[in-house]
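The block underneath contains the structure these notes are about, expressed in structure tokens.
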Amino acid sequence: MGALGWRFDRIGGMDDNEFRERSDVALTKVAKWLEDLDPDEVDYTTADGVVTIEFAGGAKFILSRQSQMKQMWLAAGSHGFHYRWDAARGLWLDDKDGHELFPRLAEAISEQLGHQVEF
């Protein structure tokens with residue numbers, strides 16, 4: 001199996017408690033970051049395992065924990081991304097092209113708002 005396949009096989013090996021802890025940290029980090037954005041442009045709500053991001057124009061993005069798959073899923077506009085925890089790098093990485101969760105979220109929100117936001 002290639003290096004990418006091996007890496008994601010290894011990543012998927014975390015137990016349920018570790019996944020819940022790591023996903024909770026990620027969701028909390030996103031919620032705290034969103035607090036600093038202009039509430040007239042973007043608002044958010046949290047629920048168990050979900051951060052829903054709502055924009056003034058009515059668009060919604062959803063970041064959610066997918067416990068069975070041990071992934072974080074981001075629905076951003078017409079795009080969907082699935083992230084797995086990479087323990088070696090300490091990052092949530094997309095399972096298709098390996099991009100990081102937090103920079104992609106900032107990029108998607110920037111596109112929606114029409115101006116740059118940094119994570």
Side-chain angles (χ1 to χ4, degrees):
M1 187 178 299
L4 185 63
W6 174 83
R7 183 181 77 207
F8 284 125
D9 285 347
R10 183 171 51 88
I11 293 166
M14 79 173 106
D15 67 28
D16 291 344
N17 288 334
E18 181 183 359
F19 171 74
R20 185 170 189 80
E21 180 180 307
R22 297 222 179 264
S23 61
D24 281 346
V25 167
L27 291 163
T28 299
K29 183 176 180 177
V30 168
K32 287 183 178 183
W33 173 70
L34 289 167
E35 287 177 6
D36 293 332
L37 299 182
D38 184 345
D40 291 332
E41 292 184 317
V42 60
D43 195 11
Y44 73 96
T45 56
T46 60
D48 185 34
V50 178
V51 174
T52 302
I53 304 164
E54 298 183 58
F55 298 90
K60 283 186 184 182
F61 291 178
I62 298 173
L63 178 64
S64 62
R65 171 179 37 231
Q66 300 297 316
S67 296
Q68 186 174 17
M69 301 297 293
K70 291 191 173 64
Q71 295 182 332
M72 297 292 292
W73 287 7
L74 173 61
S78 63
H79 303 287
F81 305 99
H82 301 164
Y83 298 90
R84 292 181 186 239
W85 178 251
D86 183 327
R89 294 179 60 194
L91 301 169
W92 288 97
L93 300 177
D94 181 72
D95 65 359
K96 290 185 182 154
D97 68 10
H99 70 263
E100 296 176 40
L101 168 61
F102 301 121
R104 178 56 54 97
L105 178 60
E107 178 183 313
I109 289 175
S110 295
E111 290 173 5
Q112 185 68 37
L113 294 176
H115 62 83
Q116 188 71 27
V117 295
E118 299 288 329
F119 198 100

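Heads up: numbering here begins at 1 and tracks the sequence. Excluded from the calculations below are hydrogen atoms, water molecules and symmetry mates; all remaining heavy atoms, backbone and side chain alike, are included.
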For the atom pair NZ (Lys70) and CD (Glu18), what is the distance rounded to the nearest 0.5 Å?
-> 9.5 Å
Rounded to the nearest 0.5 Å, how far apart are CH2 of Trp85 and OG of Ser23?
-> 10.5 Å
Among the clusters formed by ILVMFWY side chains lying less than 4.5 Å apart, do Val51 and Phe55 turn up in the same one?
-> yes
Co-members of Val50 in a cluster of I, L, V, M, F, W and Y side chains, linked at under 4.5 Å | Ile62
Which side-chain N or O atoms in residues 27-38 pair as donor and acceptor under 3.5 Å with protein atoms at least two apart or in another chain?
| residue | atom | partner | partner atom | Å |
| --- | --- | --- | --- | --- |
| Thr28 | OG1 | Asp24 | O | 2.9 |
| Trp33 | NE1 | Glu118 | O | 2.6 |
| Glu35 | OE2 | Tyr44 | OH | 3.3 |
| Asp38 | OD1 | Asp40 | N | 2.8 |

Does the side chain of Lys60 come within less than 4.5 Å of Ile53's, by heavy atoms?
-> no
Rounded to the nearest 0.5 Å, the OG1 atom of Thr52 sits from the CZ atom of Phe61 at a distance of 12.5 Å
Tyr83 side chain near His99 side chain, heavy-atom distance below 4.5 Å = yes
Donor-acceptor list for residues 102-113 side chains, cut-off 3.5 Å, not counting sequence neighbours:
| residue | atom | partner | partner atom | Å |
| --- | --- | --- | --- | --- |
| Ser110 | OG | Ala106 | O | 2.8 |
| Ser110 | OG | Val117 | N | 2.8 |
| Ser110 | OG | Val117 | O | 3.4 |

Evaluate the side-chain proximity of Asp48 to Arg65: yes if any heavy-atom separation is below 4.5 Å, no if none is.
-> yes
Give, for atom CD of Glu21 and atom CG of Asp16, the distance between the pair rounded to the nearest 0.5 Å.
-> 13.0 Å
Which class fits the ring pair His82 and Trp73: parallel under 30°, tilted 30 to 60°, perpendicular over 60°?
-> parallel
Value rounded to 0.5 Å, distance of CG in Asp94 from CG in Asp86 | 12.5 Å
CG of Leu101 to CE of Met72, rounded to nearest 0.5 Å, is 6.5 Å
